[in-house]
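What follows is a short report on a single structure.
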Amino acid sequence: MAIATTSPVTGEVIKYFDEITPEQLESKLALAAASAATYRLTTVQERAGWLNNAADHLEEEAEVVSRLITKEMGKTLRAAREEVAKCVHGLRFYAAEGPRFLEDVPGNAKSVGAKRTFVTYQPIGVVLAVMPWNLPLWQAMRFAAPALMAGNVGLLKHASNVPQTALYMERLFHEAGFPDGVFQTLLISARRVEQVLRDDRVVAATLTGSEPAGRSVATIAGEEIKKVVLELGGSDPFIVMPSTDVDRATDVAVQARTLNNGQSCINGKRFFVHEDIADAFLEKFVAKMGALTVGDPMDDATDVGPLATESGRLDVEAYVDDAVSKGATALVGGHRLEGPGWFYPPTVLTGVTPEMKMYHEEVFGPVAQVWTVTSLEEALEIVNGHPYGLGSNLWSEDEAERELFVRDVQSGMAFINGNTTSYPEIPFGGVKRSGYGRELSDLGMREFMNAKTVWIGEDA
Ligand code: NAP
């Protein structure tokens with residue numbers, strides 16, 4: 001894929017970028033390694049200061065950056081502003097809480113025959129981040145803020161369709177005062193990731209993206225014995241039980257499926273509704289999905305912008321066409337919007353069965369699948385039969401149902417009576433084919449740290 005900013009609204013290329021040359025890549029790797037050797041010795045107070053500077057810069061430039069994000073990947077300007085605000089919060093969160101997360105953790109000295117024992121968390125060096133375009137600033141920031149606070153050095157290989165956002169991040173950390181080389185963007189194609197990951201100067205990698213990309217990076221990292229965190233796809237369930245207010249549940253269901261123009265890993269994608277309220281839910285959900293305004297993402301009146309790429313829209317079309325040809329029904333939407341750009345309307349499907357591709361995979365666009373179930377147990381059986389396990393969502397006022405859901409659902413995150421989302425304060429990640437490892441909170445920070453055991457004996 002060419003590295004370029006292409007307007008999802010018109011389909012026209014706005015600006016091409018050259019990949020860096022092999023010589024430029026070598027200098028960036030050398031700079032990263034040199035930087036890692038000294039940056040690890042900086043104090044947590046210095047790192048926190050630079051993170052706060054980055055937050056201040058980003059806050060000042062928020063409107064320009066939000067417009068850049070919308071221009072490059074088509075999310076609504078409203079959503080882009082929220083994304084930028086979240087990044088500011090994430091930077092400040094790690095500046096404030098990072099020092100606490102990095103404190104030594106004492107152990108029971110007596111039981112191991114020591115005068116003192118503790119675990120000390122130390123940076124590991126240069127970490128490669130391979131990131132997707134869907135939340136182009138937040139995905140990269142949720143790697144960068146904890147990594148830099150930990151004393152690691154970051155190399156960002158961003159998605160090829162968001163080069164300007166990728167370059168902005170490098171500039172942001174530079175202007176915030178971080179030492180040279182602590183955070184660099186590599187304008188390289190996906191096929192050059194292998195070379196970077198096999199380089200001895202790179203010690204670990206994190207990838208957020210599709211299953212094939214994750215498999216490739218994990219295979220290489222496995223061969224090189226390098227730590228890797230994978231945040232992959234999801235087809236999150238959104239389960240609605242009869243004790244729920246249908247108006248509230250449908251409002252959030254619409255938001256869940258259309259957030260980010262339907263291109264979020266943790267969008268509610270499969271809706272399981274109890275039979276007692278299924279008719280009422282479907283009627284309201286279909287009406288609300290059909291009433292959304294699809295159009296120019298820069299316009300404040302727009303609810304859903306275009307899909308980010310042409311191939312992304314072709315994928316969504318293929319999933320819907322396959323399902324409809326095998327008997328599913330589109331109650332609203334179901335066909336691309338004609339005209340320029342990569343618009344696809346909010347769509348609600350019923351009658352999805354295991355013969356259809358979308359039953360087993362992830363549809364990355366505003367397409368909801370709705371099932372009627374007779375119990376929470378039935379919903380959980382279908383949910384747990386799916387290969388993905390990222391987020392999950394239950395709407396219920398019944399305590400026993402909530403307990404069953406938390407205990408049984410096979411997912412990295414379980415949200416009840418509130419939409420699934422990410423916060424720097426709590427861990428984020430999946431199980432099964434949605435990946436492994438955690439981002440955010442103290443857990444995310446420690447993924448790329450050496451938890452060094454220290455044991456000190458009694459003096460002679
Ligand atoms: P993608 O094709 O996997 O791209 C993601 C990143 O991986 C890009 O930087 C891409 O570079 C790179 N890449 C692609 N193939 C690669 C390979 N074989 N080796 C190394 N790097 C490779 O993903 P996408 O389709 O753009 O993004 C959507 C996917 O990301 C969805 O499945 C979504 O659920 C997932 N996602 C997951 C999370 C999460 O936290 N779990 C969050 C957001 C998105 P190029 O752009 O140059 O190809």
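Predicted model, so just to flag it, every value in this text is computed and none were measured. Residues: numbered from 1 along the sequence shown. For ligands, and for the atoms within them, numbers begin at 1 and follow the listed sequence.
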Next on the checklist: As a quick check of understanding, evaluate salt bridge (Lys or Arg N to Asp or Glu O under 4.0 Å) for Arg78 and Glu82, giving each step before the final call.
Outcome noted: CA-CA 6 Å; Arg78 207 174 344 131; Glu82 285 168 13; over 6 Å; no
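- Taking a cutoff of 4.0 Å between a charged side-chain nitrogen and a carboxylate oxygen, Asp236 and Arg270 do not qualify as a salt bridge.
- Less than 4.0 angstrom separates some heavy atom of Trp133 from each of these atoms of ligand 1: 24 (P), 26 (O), 27 (O).
- Under a 4.0 Å criterion applied to the non-hydrogen atoms of Lys157, ligand 1 contributes the atoms 9 (O), 11 (O), 45 (P), 47 (O).
- Residues Thr185 and Glu170 have side chains that never bring a donor and an acceptor to within less than 3.5 angstrom of each other.
- Applying the 4.0 Å criterion to heavy atoms of Glu231 picks out, from ligand 1, the atoms 37 (C), 38 (C), 39 (C), 40 (O), 41 (N).
- In this structure, the protein non-hydrogen atom closest to atom 12 (C) of ligand 1 is Val130 CG1, 3.6 Å.
- Closest to atom 41 (N) of ligand 1 among all protein heavy atoms lies Leu232 O, 2.7 Å.
- With salt bridges taken as basic N to acidic carboxylate O contacts below 4.0 Å, none links Glu72 and Lys15.
- Rounding to the nearest 0.5 angstrom, the gap separating the OH atom in Tyr388 from the OG atom in Ser235 is 8.0 Å.
- Ligand-side atoms of ligand 1 in range of Val193: 20 (C), 21 (N), range being under 4.0 angstrom from any heavy atom.
- Looking at Asn161 next to ligand 1, no N or O pair under 3.5 Å apart turns up.
- Close contacts between ligand 1 and His158 involve ligand atoms 9 (O) [criterion: under 4.0 Å to a heavy atom].
- Of all the atoms in ligand 1, the ones that sit under 4.0 Å from a non-hydrogen atom of Gly233 are 32 (O), 34 (O).
- Arg336 forms no cation-pi arrangement with Phe343, by the criterion of a distance under 6.0 Å to the ring centre and an angle within 45° of the ring axis.
- Protein heavy atom in closest approach to atom 39 (C) of ligand 1: Cys265 SG, 3.2 Å.
- In terms of polar-atom proximity, Met131 is counted as a contact of ligand 1, with an N or O under 3.5 Å from an N or O of the ligand.
- A salt bridge between Glu97 and Arg100 is present, with a side-chain N of the basic residue lying under 4.0 Å from a carboxylate O of the acidic one.
- At the top of the distance list for atom 40 (O) of ligand 1, counting protein heavy atoms only, stands Arg142 NH2, 2.8 Å.
- Gln139 NE2, 3.0 Å is the protein heavy atom nearest to atom 43 (C) of ligand 1.
- Checking only distances, Thr208 never comes within under 3.5 Å of ligand 1, N or O to N or O.
- The nearest heavy-atom contact from the protein to atom 31 (C) of ligand 1 is Glu362 OE1, 3.4 Å.
- The shell of residues lying under 4.0 angstrom from ligand 1, judged by heavy atoms, excludes Glu361.
- The nearest protein atom to atom 29 (C) of ligand 1, hydrogens excluded, is given as Gly209 C, 3.6 Å; this is a heavy-atom distance.
- For the residues Ala308, Ala213, Ser189, the heavy atom positioned nearest atom 16 (C) of ligand 1 is part of Ala213.
- Rounding to the nearest 0.5 angstrom, the gap separating the CD1 atom in Ile3 from the CD1 atom in Ile188 is 8.0 Å.
- A cation-pi contact, defined as under 6.0 Å to the ring centre and within 45° of the axis, links Arg142 to Phe428.
- Taking a cutoff of 4.0 Å between a charged side-chain nitrogen and a carboxylate oxygen, Glu175 and Arg171 qualify as a salt bridge.
- A salt bridge is absent between Glu355 and Lys326; no separation between the charged side-chain nitrogens and carboxylate oxygens falls under 4.0 Å.
- A donor and an acceptor atom, one from each side chain of Trp371 and Thr350, are nowhere located under 3.5 Å apart.
- Protein heavy atoms all stay at least 4.0 Å away from atom 4 (O) of ligand 1.
- Here the heavy atom of the protein found nearest to atom 13 (N) of ligand 1 is Ala190 CB, 3.7 Å.
- In this structure, of Ser210, Ala166, Pro132, the residue bringing a heavy atom nearest to atom 23 (O) of ligand 1 is Ser210.
- Here is the list of ligand 1 atoms found below 4.0 Å of a heavy atom in Ser160: 45 (P), 46 (O), 47 (O).
- Taking a cutoff of 4.0 Å between a charged side-chain nitrogen and a carboxylate oxygen, Arg433 and Glu362 do not qualify as a salt bridge.
- Between Asp300 and Arg81 there is a salt bridge, with a side-chain nitrogen of the basic residue lying less than 4.0 Å from a carboxylate oxygen of the acidic one.
- When atom types are taken as modelled, the side chain of Tyr436 and the backbone of Gly429 share no donor-acceptor pair closer than 3.5 angstrom.
- Closest heavy-atom approach to atom 44 (C) of ligand 1 among the candidates Leu128, Asn134, Leu390, Ile188: Asn134.
- When the options Gly430, Ser264, Ser216 are ranked by their closest heavy atom to atom 19 (N) of ligand 1, first place goes to Ser216.
- Of all the listed residues (Phe364, Phe428, Trp138), Phe364 holds the heavy atom that lies closest to atom 33 (C) of ligand 1.
- For ligand 1, none of its N or O atoms has an N or O atom of Glu439 under 3.5 Å away.
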